[in-house]
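Both backbone and side-chain heavy atoms feed into the values below; hydrogens, waters and symmetry mates do not. Here, residue 1 is the first one in the sequence, and each next residue gets the next number.
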Amino acid sequence: QVQLVESGGGLVQAGGSLRLSCIASGRTFRSYVMGWFRQAPGKEREFVAAISSSGGTTDYADSVKGRFSISRDNAKNTVYLQMNSLKPEDTAVYSCARASFPGPLVTSTQYDYWGQGTQVTVSS
């Protein structure tokens, strides 16, 4: 069973920065695509960013391109989300997720393990 634990959320003013971390259990972390998603109150969960198993390929939602950066440290079983120039509309619960199967990062990548999430609140 894979466990994902996020940290790093909090309250920040618009224009500020936060760095989220997600630590995964297990010895196969390096084989899987990892992603970050978010869900705001009253809205559906949406994709934020994803990173290939090696870290060489990344993908971002248009709404965060140029402001957010995803990275990973396979030696530490950790994936990060650096969030800069935060806006009030970035307020949400952010969760990390692991792909269902080992393989490359593609548009249709499915995720089957999810963390509990960490709250990010951006004040105006």
Side-chain angles (χ1 to χ4, degrees):
Q1 187 75 5
V2 175
Q3 290 187 322
L4 304 174
V5 180
E6 303 94 338
S7 62
L11 173 64
V12 63
Q13 289 187 331
S17 298
L18 283 174
R19 188 194 196 201
L20 306 183
S21 299
C22 170
I23 298 177
S25 64
R27 294 181 291 179
T28 59
F29 174 82
R30 63 179 67 246
S31 300
Y32 290 84
V33 167
M34 296 295 294
W36 283 98
F37 292 76
R38 67 186 182 186
Q39 187 167 20
K43 295 187 177 181
E44 293 191 355
R45 183 170 59 198
E46 65 174 353
F47 169 79
V48 175
I51 188 166
S52 64
S53 57
S54 68
T57 303
T58 57
D59 187 27
Y60 296 92
D62 288 342
S63 59
V64 306
K65 280 181 181 177
R67 300 188 298 122
F68 290 12
S69 178
I70 188 171
S71 62
R72 67 190 295 161
D73 185 338
N74 285 341
K76 296 181 178 180
N77 276 22
T78 303
V79 61
Y80 305 97
L81 185 68
Q82 178 66 44
M83 306 186 295
N84 299 327
S85 302
L86 283 162
K87 305 175 181 180
E89 51 263 44
D90 294 318
T91 295
V93 174
Y94 285 71
S95 300
C96 66
R98 196 204 77 172
S100 300
F101 304 102
L105 171 59
V106 295
T107 303
S108 59
T109 294
Q110 299 295 308
Y111 300 83
D112 62 357
Y113 287 100
W114 298 82
Q116 291 298 307
T118 184
Q119 177 71 47
V120 172
T121 303
V122 184
S123 63
S124 57

Participant: What residue pairs, at least two apart or across chains, pass disulfide bond (SG atoms under 2.5 Å apart) with a residue in residues 59-90?
Facilitator: none

Participant: As an exercise, state the distance from CG of Asn84 to CG of Leu18, rounded to the nearest 0.5 Å.
Facilitator: 9.5 Å

Participant: Taking Thr91 for its side chain and Val122 for its backbone only, find out whether a donor-acceptor pair lies under 3.5 Å.
Facilitator: yes

Participant: If the condition is salt bridge (charged side-chain N to carboxylate O under 4.0 Å, His left out), which residues does Arg45 pass it with, not counting sequence neighbours?
Facilitator: none

Participant: Roughly how far, to the nearest 0.5 Å, is the CH2 atom of Trp36 from the CD1 atom of Ile51?
Facilitator: 11.5 Å

Participant: If hydrophobic clusters are built from ILVMFWY residues whose side chains come within less than 4.5 Å, do Val120 and Leu81 share one?
Facilitator: yes

Participant: What's the spacing between Thr58 OG1 and Leu105 CG if we round to 0.5 Å?
Facilitator: 8.0 Å

Participant: Could you list all the disulfide bond (SG atoms under 2.5 Å apart) pairs where at least one residue sits in residues 2-108, not counting sequence neighbours?
Facilitator: Cys22-Cys96

Participant: Val33, Leu4: one ILVMFWY side-chain cluster at the under-4.5 Å cut-off?
Facilitator: no

Participant: Is there a path of hydrophobic side-chain contacts, each under 4.5 Å between heavy atoms of I/L/V/M/F/W/Y residues, joining Met34 to Val64?
Facilitator: yes

Participant: Does anything in residues 12-31 form a salt bridge (charged side-chain N to carboxylate O under 4.0 Å, His left out)? List the pairs, not counting sequence neighbours.
Facilitator: none

Participant: Partners of Glu46 by salt bridge (charged side-chain N to carboxylate O under 4.0 Å, His left out), sequence neighbours excluded?
Facilitator: Arg38

Participant: Using the side-chain hydrogen bond (donor to acceptor under 3.5 Å, both in side chains) rule, collect all pairs that involve residues 5-14, keeping only residues at least two apart or in two chains.
Facilitator: none

Participant: So, taking the atom named CE in Met83 and the one named CD1 in Ile70, what distance separates them when rounded to the nearest 0.5 Å?
Facilitator: 12.0 Å

Participant: Could you tell me which non-hydrogen atom of Ser52 sits nearest to which non-hydrogen atom of Gly56, and how far apart they are?
Facilitator: OG-N, 3.2 Å

Participant: Can you tell me which residue pairs pass the side-chain hydrogen bond (donor to acceptor under 3.5 Å, both in side chains) test with a partner in residues 95-111, sequence neighbours excluded?
Facilitator: none

Participant: How is the hydrophobic cluster of Ile23 composed, in terms of its other members, when Ile, Leu, Val, Met, Phe, Trp and Tyr link through side-chain heavy atoms under 4.5 Å apart, directly or indirectly?
Facilitator: none

Participant: Count the heavy atoms of every other residue, nucleotide or ligand shown that sit under 6.0 Å from CD of Gln3, and state whether that count exceeds 12.
Facilitator: no

Participant: For residues 66-79, which residue pairs qualify under side-chain hydrogen bond (donor to acceptor under 3.5 Å, both in side chains), counting only residues two or more places apart or in two chains?
Facilitator: Arg67-Asp90, Arg72-Asn74

Participant: Sorted by first residue and then second, give each ring pair (Phe, Tyr, Trp, His ring centres under 6.0 Å) pair with at least one member in residues 60-96; sequence neighbours left out.
Facilitator: none

Participant: Excluding sequence neighbours, so at least two apart, what forms side chain to side chain contact (heavy atoms under 4.5 Å, CB included) with Pro102?
Facilitator: Ser31, Tyr32

Participant: Which residue pairs pass the side-chain hydrogen bond (donor to acceptor under 3.5 Å, both in side chains) test with at least one member in residues 113-124, sequence neighbours excluded?
Facilitator: Gln119-Thr121

